[in-house]
Amino acid sequence: MSWQPTKRQFLRRSLAGAGALVLAGCDRLGQTTWFPKLLATGETLSNTAHRALLSRKAMAQEFSEADLSPDFRSNGTANPNSAQYQAMVKNGFADWTLKVDGLVEKPVQLTMAQLQAMPQRTQITRHDCVEGWSAIGKWSGVPLHEILKMVQPKPSAKFVVFHCADPMEADGTVPYYESIDLDDAYHPQTILAHALNGNTLPVANGAPLRLRVERQLGYKQAKYLMRIELVERYDQIAGGKGGYWEDVAGYQWYAGI
Ligand SMILES: Nc1nc2c(c(=O)[nH]1)N[C@H]1C(S)=C(S)[C@@H](COP(=O)(O)O)O[C@H]1N2
Ligand SMILES: [Mo]
């Protein structure tokens, strides 16, 4: 039987090939306002090999309208099975708010109108799911760094945890969750998206708000956001591995591509 690379092996190899390009872009990237912030933390240097400094500062490739997939499929939860979420769907998410709390100076609770009044970013990117499919979509929303600027993380804050509305067990327990570190949280392409391909985000893709963290794989792109929590460590949350699939299936916490 001939050996076929898995999706992840394939992606790793593509990345290795792109290494030279990333290096060549080093000077230009150094001029951006967010890159010096990464260097200043010093923490990036202690990361493991596949989280190497070079891969953390690069931008994910952006595409054109002509590249958009005709249909951006749904994966995982397509319609959260909880009375609370179904009630929100029924009234068009009019009462939905996003809570941002934890290790911050100024916790907030934001309505969709407030989020839409903040600076916005639109990006056309490719989503890669470990299950072996990809799709290109246009996402619009609020850069996460704008929200961090608003809530002012305390010096002890190290990770951003995304709490979702969808229960992953039939009995209504174990909601989906994910987490990223502050380097990814401040990345300019890390946004909280409320629109897909110019339309209000559909329920199947995470309405009313979902994370896009473009340098990582599909399972990090938390849908159905209810609460964002700044923490120092995530080993006391749920199964302790920093995310639903990390807890139940041993997926890597850092899913860089
Ligand atoms: N809340 C929540 N977020 C989630 C999931 C999920 O089941 N629930 N599935 C993840 C996986 S594995 C993928 S590939 C993407 C799918 O996003 P899509 O439904 O927009 O294609 O969402 C991710 N985020
Ligand atoms: Mo996925």
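In each ligand, atom 1 is the first atom listed, and ligand 1 is the first ligand listed.
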Nearest protein heavy atom to [atom], by residue and atom, and its distance?
{"atom": "atom 1 (N) of ligand 1", "result": "Asp166 OD1, 2.8 Å"}
{"atom": "atom 10 (C) of ligand 1", "result": "Tyr176 OH, 3.4 Å"}
{"atom": "atom 21 (O) of ligand 1", "result": "Arg73 O, 2.6 Å"}

Per-residue contact class, [X] against ligand 1 - non-hydrogen pairs under 4.0 Å:
{"X": "Tyr244", "result": "neither"}
{"X": "Gln221", "result": "backbone"}
{"X": "Tyr219", "result": "both"}
{"X": "Lys220", "result": "neither"}
{"X": "Ala204", "result": "backbone"}
{"X": "Asn205", "result": "both"}

Working for salt bridge (charged side-chain N to carboxylate O under 4.0 Å, His left out), residues Glu62 and Arg121: CA-CA 13 Å; Glu62 294 196 17; Arg121 178 183 165 91; 2.4 Å; yes
Say whether [X], considering both its backbone and side-chain N or O atoms, lies within less than 3.5 Å of an N or O atom on ligand 1.
{"X": "Asn75", "value": "yes"}
{"X": "Arg210", "value": "yes"}
{"X": "Lys223", "value": "yes"}
{"X": "Glu131", "value": "no"}
{"X": "Trp139", "value": "no"}
{"X": "His127", "value": "no"}

Show me the donor-acceptor pairs, under 3.5 Å and distance only, between side chains in residues 80-89 and residues at least two apart or in other chains.
unit_1 : atom_1 : unit_2 : atom_2 : d
Ser82  : OG     : Tyr85  : N      : 3.0
Tyr85  : OH     : Ala207 : O      : 2.7
Gln86  : NE2    : Asn79  : OD1    : 2.8
Gln86  : NE2    : Pro80  : O      : 2.8

Does the side chain of [X] reach to within under 4.5 Å of the side chain of [Y], using non-hydrogen atoms?
{"X": "Val213", "Y": "Gln221", "answer": "yes"}
{"X": "Phe162", "Y": "Leu209", "answer": "no"}
{"X": "Met150", "Y": "Val100", "answer": "no"}
{"X": "Arg227", "Y": "Leu98", "answer": "no"}

The one among Ala255, Gly218, Ala193 that brings a heavy atom closest to atom 11 (C) of ligand 1: Gly218
Parallel, tilted or perpendicular: rings of Tyr234 and Trp253 (30°, 60°): parallel
Aromatic ring pairing His127/Trp133, orientation class (parallel under 30°, perpendicular over 60°, tilted between): parallel
side-chain contact (heavy atoms from CB on, under 4.5 Å) between Val160 and Ile228, worked out: CA-CA 7 Å; Val160 183; Ile228 294 178; 3.4 Å; yes
Sub-4.0 Å heavy-atom contact, Phe72 with ligand 1: yes
Heavy-atom gap Trp133 to ligand 1 smaller than 4.0 Å: yes
Which of the ligand 1 atoms, numbered from 1, are nearer than 4.0 Å to a heavy atom of [X]:
{"X": "Gly76", "result": "7 (O)"}
{"X": "Tyr224", "result": "1 (N)"}
{"X": "Cys129", "result": "14 (S)"}
{"X": "Cys164", "result": "1 (N)"}
{"X": "Thr77", "result": "6 (C), 7 (O), 8 (N)"}

Within 6.0 Å of CZ in Arg233, more than 12 heavy atoms from elsewhere: no
Residues Glu246, Lys220: salt bridge by 4.0 Å N-O rule: yes
Lys99/Thr97 under side-chain contact (heavy atoms from CB on, under 4.5 Å): CA gap, chis, key distance, verdict: CA-CA 6 Å; Lys99 215 182 271 177; Thr97 56; 5.8 Å; no
Leu148 vs Val104, side-chain contact (heavy atoms from CB on, under 4.5 Å): CA-CA, chis, key distance, verdict: CA-CA 9 Å; Leu148 295 177; Val104 299; over 6 Å; no
Ring center gap for Tyr219 and Tyr251 short of 6.0 angstrom: yes
